*Asks:* 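One structure, as structure tokens, below. Some questions next.
Remember, it's a predicted structure, so these values are computed and weren't measured experimentally. Just so it is clear: chains get the letters A, B, ... in the order the sequence lines come, proteins before strands, and each one is counted from 1.
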Amino acid sequence: MSLLTAERIKLFSTRSPWWCGLAAVVLPIGFTALLVGQANGGLEVGVTTTQATANLGRSVVMVLAALAVTTEYRFSTIRSTFQATPNRIAALLAKTAVVAALAGVLGELVAFGSWGVSRLLKPSADLALDSADDWRSVAGEGLVFALAAVLALGVGILVRQTAGAVALLLVYSLLVENLIQLIPTAGEDIHRWMPFVAADQFIGVGQRIPDPAFGPWGYLVYFAGISLVVLAAALVTANRRDA
Amino acid sequence: MIEAVGLTKRYGKTLAVDNLSFTVPTGRVTGFLGPNGAGKSTTMRMILGLDTPSGGSALIDGKRYRDLHQPLRTVGALLDAKWVHPNRSARAHLAWMAKSNRLPAKRVDEVLDIVGLSAVAGKRAGGFSLGMSQRLGIAAALLGDPQVLLFDEPVNGLDPEGILWIRKFMHRLADEGRTVFVSSHLLSEMALTAQELVVIGRGKLISQSSTEDFVSQATENTVRVRSPQLGALRTALGRTGVSIRDEGESLIVSGMDCADIGELAAQTGTVLHELSPQRGSLEEAFMQLTGDSVEYHTEIAEGQVPATLVPAGK
Ligand SMILES: Nc1ncnc2c1ncn2[C@@H]1O[C@H](COP(=O)(O)OP(=O)(O)OP(=O)(O)O)[C@@H](O)[C@H]1O
Ligand SMILES: [Mg+2]
């Protein structure tokens, strides 16, 4: 418990998480407003449409999560962290828990904010959350954001440099997963197993995979599995190498 | 008590610390002396479990650091004053550390008070001067009221007032019965601060002894004698077999102390105008001892050494 409090103090006592958090919420809600506001006969606005730009927030949250640990390496406070808590796994798990919790909250703010603003702008559209699938598409963002943060934190621990970790995360999630489809013949088959593609299947946005391997919740478990494997690799590495 | 046994650290091809064994006793200030690149910081990181030794071990009261429960209560350390997030306030920096070891929040204000940073506790640490950062680092080291304290070059870059403050502070900590281990590459500074000395060069132990012993062993003790009857005195001294050297109008005698020279002069009826013990320069001695083990040699003119100093603990 005390480790969680220590990490919470650390996270909120610098400015970057506040700015990242604000950007993570405002950007997707703003773009949702633009998207929904301009939609006319051509685009039918449904519940999943309101989540179409949430991935923008997810990217910013990943930056926030990576920064939470790369700045510790940058300023060597990671050494103070490990000095105060020589059980490095415990220290890093506490950080992961705090960052993931914040990411989850931001995810819900993005999801319900985007949904709310859509309802305001298009009162005529059928945006009521009247099925389990509707709820999954909106409230599920919190889970996706939290798991994406876990993945980003793992990458941050492994890479240690802010620029490297952020570039890797953004280029990978925003470009590589899509471009991989360009690989002749195998491209599509690889693409369908990509982690962020899986996250999108869970929410119900982005490209639909033909003959999906899992149902939406299965895809969430798959995404969670990948995030946890990356985190585990990061923890083992951090425990072994010199701080 | 800190104990290093066969401590070794290899970074690729560099052997930073080489089979180093020493003990740091309780209730004293122990200096950890060595030229730049000798492996002092590396040794301290290994003591704190930050770097894993390639061989050997470092024990604190018989335990490895990584086995300590809430280690800030046992060991406090300041390895680098810059290890703070520049945008975090001094108080927040101490607050998270205190929390992680379940130390009461009021302890943060106590240590800020001890180091005299209460007035700037809410300011960002990035805006601190070197002296203030150093004090913040010391405050962090004191958080858990630990029995063992490690400081890596705490006076580096400080002004004389800051240096004096730190020196007095270390003495106070040792007087309270704590184990204080402080590194430096300046023997002159350590002579004033430390009662015990662990001296290393190129990762190897050169000596472990009291500062006084180190200084007297390392420096040649001589006596300067001036007399209007220098010739007669030289003859009398020559018969005892001590070594004598002329220096201007006086003799430099080594191997005989002032009292014996004075008695000899009285016996031979020689008038003395001066009879004074001379201490060799500490830095000279240090360079002699570590000369072969300095990693980055520079051209230093002989005799360009600071004034004589008296060891601490006297
Ligand atoms: N992380 C590292 N990776 C590679 N080499 C290292 C590392 N840390 C230290 N070294 C090397 O180990 C040797 C000892 O360095 P260390 O910093 O411990 O010396 P020091 O006694 O603290 O020196 P100084 O008085 O300059 O602080 C040096 O040759 C240094 O280059
Ligand atoms: Mg050093």
Side-chain angles (χ1 to χ4, degrees), chain A residues 1-21 64 66-99 102 156-157 160 162 235-243, chain B residues 9 11 16 41-42 44-54 63-103 105 108 122 124-126 136-137 140-141 143-144 150:
Chain A
M1 226 19 235
S2 56
L3 288 184
L4 293 176
T5 317
E7 288 298 332
R8 196 201 66 217
I9 296 172
K10 233 190 265 180
L11 187 62
F12 292 113
S13 57
T14 62
R15 272 173 305 199
S16 79
W18 294 97
W19 288 113
C20 283
L64 183 159
L67 279 174
V69 65
T70 54
T71 50
E72 284 230 45
Y73 279 103
R74 160 92 171 72
F75 298 113
S76 290
T77 52
I78 194 76
R79 291 185 167 143
S80 314
T81 301
F82 291 159
Q83 193 191 320
T85 314
N87 183 345
R88 298 183 184 181
I89 304 232
L92 291 172
L93 278 179
K95 183 186 289 295
T96 309
V98 170
V99 171
L102 172 65
I157 295 170
R160 289 188 274 186
T162 302
L235 294 181
V236 169
T237 310
N239 203 35
R240 280 215 193 123
R241 72 185 166 203
D242 293 338
Chain B
K9 182 71 189 183
Y11 295 107
S41 304
T42 305
M44 289 197 161
R45 285 199 304 275
M46 286 194 284
I47 294 174
L48 294 176
L50 294 173
D51 283 20
T52 316
S54 317
K63 281 190 188 153
R64 288 188 320 158
Y65 188 90
R66 286 184 80 164
D67 295 333
L68 293 173
H69 178 62
Q70 299 182 345
L72 298 187
R73 294 172 186 267
T74 312
V75 184
L78 164 58
L79 291 202
D80 192 325
K82 290 190 293 290
W83 291 356
V84 286
H85 193 299
N87 287 333
R88 193 172 280 140
S89 71
R91 178 175 282 118
H93 176 69
L94 296 172
W96 76 255
M97 288 186 92
K99 200 70 203 175
S100 67
N101 275 235
R102 291 179 191 273
L103 297 164
V108 170
R124 0 185 328 263
L136 177 57
L143 264 180
L150 269 68

*Asks:* So how far is it from A/Leu3 CG to B/Arg102 CZ, rounded to the nearest 0.5 Å?
*Replies:* 8.0 Å
*Asks:* Where is the tightest heavy-atom contact between B/Ser100 and A/Ala84, given as atom of each residue plus distance?
*Replies:* OG-CB, 3.4 Å
*Asks:* What are the two closest non-hydrogen atoms of A/Gln83 and B/Leu50, and how far apart are they?
*Replies:* N-CD2, 4.2 Å
*Asks:* Crowded around B/Arg124 CZ? As in, over 12 foreign heavy atoms under 6.0 Å?
*Replies:* yes
*Asks:* Any side-chain heavy-atom pair from A/Ile9 and B/Lys99 closer than 4.5 angstrom?
*Replies:* yes
*Asks:* So, for A/Lys10 and B/Arg88, which heavy atoms are closest and what is the spacing to 0.1 Å?
*Replies:* O-NH2, 2.9 Å
*Asks:* Please report the shortest heavy-atom distance between B/Trp83 and A/Ser76, naming the atom on each side.
*Replies:* CD1-CB, 3.2 Å
*Asks:* Side chain from CB out, backbone as N, CA, C, O: work out which of these in B/Arg73 comes under 4.5 Å of a heavy atom of chain A, or both, or neither.
*Replies:* neither
*Asks:* When rounded to the nearest 0.5 angstrom, what distance separates OG1 in A/Thr85 from NE2 in B/His69?
*Replies:* 10.5 Å
*Asks:* Do you know the tightest heavy-atom contact between A/Ser80 and B/Met97?
*Replies:* CB-CE, 4.1 Å
*Asks:* If every non-hydrogen atom of B/Val84 is compared with every non-hydrogen atom of A/Phe75, which pair is closest and at what distance?
*Replies:* O-CB, 3.7 Å
*Asks:* Side chains of A/Phe82 and B/Leu48: closer than 4.5 Å at any heavy-atom pair?
*Replies:* no
